[in-house]
Structures are given as structure tokens and as C-alpha cells.
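Below is one structure, written out as C-alpha cells; comments come after it.
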Amino acid sequence: MLTGGELQIILLSLKVAATAMAAALPLAFFVAWALARWRFRGRSLLQAITTLPLVLPPVVTGYVLLVSFGANGPLGWLSREVLGLEFAFRWTGAALAAAVMAFPLLVRPIRLSLEAIDPGLEEAATTLGAGRLRVLATVVLPLSLPGILAGFILGFAKALGEFGATITFVSNIPGQTQTLSLAIYSFLQSPTGDMAALRLIGISVLLAIGAIVASEWVSSRLATGGASSRD
């Protein structure tokens, strides 16, 4: 049976992951579109930057976020003064760290789904008088939706399990930045925290398995739909 504190940790983790994905999705779609549809100088550099969070040590990513978005960082000052958002040692910072770490997993499925769309469908819609925004809304987005959902689910699962960048950037503050992985770490450091850690580990495993199964199901639907449209 979960305690009130453990339930709060789970709810905070879900809040952080959902906020991270909601904030990252528009930019991820734009980057995926640029990589899938445009040919420009610096395309390889954009691909490398997008993939960087997967290969850099998470602590390095967290440190870069701390320097950039901390209280004295240039982006931290700008977001505070212009948008009224503060990230350092707050749950919003945990969401930012989770969004950055999950970004590559969000971009790749969207890019693949965009590359799989038959250009003839967009050309046909344009020939019939549809503008770019209408083509995007009625052709591109519906056909790329499985990839968007698959990326969202994988990114959400990654955001739930993020540890290194989060603890480096916003520390491990109960009730504010202590997500599932940070809480498990804290409980494992306590002589009496084994059972609480096991409960949270079980929840984490269930959430991860559910996300992977959902992502695989969406991917299979995408493959089936693509095969049907070609037939």
C-alpha cells in the first residue's frame, strides 16, 4: 500500500513528465520536419545536437542547464524577467531537464512518420486548392499522428525515469523536485527505506512496461496503416 508521501512523488513525476512532453512536442515536430523535409547547410549539425542528450553523460546536460537556466544564468534571467518562469530548484526545472533528455526519443519517431508520408498526397491536396496550413492540418498531421504518439509515449517514459540531469540541475527536494528516480535513490540511502524503494521501483517498472507496450502497439499500427495505404 502506497503512503501519502509516495503517492505525492508519483503524482509529481507524472506532472513533470506530462509538462515536459507538452512543452517539447511543438519544437520536436518542427525539428523532425526540418530533418525530414529540408535540405540545408548545417542539417548534420542539427541532427547531432538533437541526438546529443542520448550520448552525453546526463550530469553534463544537467550542468549545462544549471549554468544556462540557473538563477544567474542568461536564459534563467531572461525566462524569469520576460516569462515569469523560474527553473532552478523547482519542479519546472525538473520538467525542463526531462524534456531535454527525452527530446531525441520524441523527434525520431515523428521524423520517420513524416518521411513515410507519400508526397503525392500533399501535392494532390495542393492541386485541389488547399493552402500549406490546410495541408498540414488535414494530410500531414493525421498521417504522422502514430509517430507523434509513439514519440510522445517513449519520451514520457524517459521523462519519468530521468535522474542525472535532474539531480544536477534542480537537486533532490522532497515535494518540489523529488521525482520517482530521485525518491528511489533517496530511499536506498536510508537503512529503513528498502520497502518504500521497492514499491516505487515496482511502480516505475509497470509504467515503463506500459509505455513500451503502448509505443510498440502504435508503431505496429503505423506499419499496418502504411502497408494498407500502399495497397
Side-chain angles (χ1 to χ4, degrees), residues 5-6 8-25 27-28 31 45-108 151-152 154-190 193-194 196-201 203-205 207-208 211:
E6 292 164 3
Q8 182 185 36
I9 291 167
I10 295 170
L11 292 177
L12 176 62
S13 299
L14 294 172
K15 176 184 176 181
V16 165
T19 302
M21 290 301 96
L25 184 57
L27 180 59
V31 171
L45 179 61
L46 177 60
Q47 175 65 62
I49 293 173
T50 302
T51 310
L52 206 56
L54 285 180
V55 295
L56 273 179
V59 174
V60 173
T61 302
Y63 179 73
V64 171
L65 289 173
L66 181 61
V67 171
S68 302
F69 287 91
N72 298 320
L75 296 179
W77 177 88
L78 187 65
S79 63
R80 182 176 64 252
E81 297 298 323
V82 177
L83 302 176
L85 285 176
E86 293 191 38
F87 294 102
F89 308 111
R90 296 175 181 267
W91 76 267
T92 49
L96 176 60
V100 170
M101 294 302 296
F103 194 75
L105 298 179
L106 190 55
V107 170
R108 180 170 172 75
F152 189 95
L154 281 177
F156 186 84
K158 172 63 176 174
L160 279 176
E162 166 50 29
F163 177 81
T166 302
I167 198 169
T168 305
F169 180 32
V170 295
S171 190
N172 184 7
I173 306 172
Q176 186 62 248
T177 66
Q178 191 177 70
T179 55
L180 270 169
S181 55
L182 272 64
I184 291 169
Y185 173 79
S186 294
F187 283 129
L188 289 176
Q189 306 309 303
S190 170
D194 288 353
L198 284 174
R199 286 193 294 269
L200 292 183
I201 288 170
I203 295 294
S204 299
V205 170
L207 289 172

- Task: With W91 as reference, evaluate V170, T19, I173 under the side chain to side chain contact (heavy atoms under 4.5 Å, CB included) test and give the passing residue.
- Result: T19

- Task: To the nearest 0.5 angstrom, please state how far the CG atom of L52 sits from the CE atom of M101.
- Result: 10.0 Å

- Note on the structure: OG (S68) and OH (Y63) are apart, to the nearest 0.5 Å, by 9.5 Å

- Message: Please check: side-chain N/O of S79 versus main-chain N/O of L85, any donor-acceptor pairing under 3.5 Å?
- Response: yes

- Atom OG1 of T61 and atom CG of L66: how far apart are they, to the nearest 0.5 Å? 12.5 Å

- Message: Could you tell me if the side chain of F87 sits less than 4.5 Å from the side chain of L65, heavy atoms only?
- Response: no

- Judged by atom type as modelled, is there a donor-acceptor pair below 3.5 Å linking the side chain of S13 to the main-chain atoms of L180? yes

- Item | Side chains of T166 and V16 in contact at under 4.5 Å (non-hydrogen atoms) | no

- Message: So does R90 get a backbone contact from the side chain of E86, meaning a donor-acceptor N/O pair under 3.5 Å?
- Response: no

- pair I10-L200: side-chain heavy atoms closer than 4.5 Å: yes

- How close do A95 and A20 get, heavy atom to heavy atom, and via which atoms? O-CB, 3.3 Å

- Evaluation steps, side chain to side chain contact (heavy atoms under 4.5 Å, CB included), between L56 and V64: CA-CA 11 Å; L56 273 179; V64 171; over 6 Å; no

- Closest contact, heavy atoms only, G155 versus M21: C-SD, 3.4 Å

- Message: Determine whether L14 and L160 satisfy the following criterion, side chain to side chain contact (heavy atoms under 4.5 Å, CB included), listing intermediate values before the conclusion.
- Response: CA-CA 7 Å; L14 294 172; L160 279 176; 4.1 Å; yes

- Note on the structure: So CZ of R108 and OG1 of T50: to nearest 0.5 Å the spacing works out to 12.0 Å

- Message: Using modelled atom types and a 3.5 Å cut-off, is there a donor and acceptor pairing between side-chain atoms of S171 and backbone atoms of F89?
- Response: no

- So which pairs with a foot in residues 174-184 pass side chain to side chain donor-acceptor pair (under 3.5 Å), sequence neighbours left out? N172-Q178, Q178-S186

- Query: Sub-3.5 Å donor-acceptor pair from the side chain of E162 to the main-chain atoms of K158, do we have one?
  - Reply: no

- Message: Just so I know, are the side chains of F163 and L182 near enough to count as touching, which here means a heavy-atom distance under 4.5 Å?
- Response: yes

- Message: Name the residue from I9, I201, L198 that meets the side chain to side chain contact (heavy atoms under 4.5 Å, CB included) definition with I184.
- Response: I201

- Item | Minimal non-hydrogen separation, A88 against A71, with atom names | CB-N, 4.0 Å

- Item | Minimum heavy-atom distance A97-F169, with the two atoms named | CB-CD2, 4.3 Å

- Item | Minimum-distance pair of heavy atoms, taken over all atoms of A22 and F152 | N-CE1, 4.3 Å

- Query: How far apart are the C-alpha atoms of F69 and V100, what are their side-chain angles, what is the distance that settles it, and do they pass the side chain to side chain contact (heavy atoms under 4.5 Å, CB included) test?
  - Reply: CA-CA 13 Å; F69 287 91; V100 170; over 6 Å; no

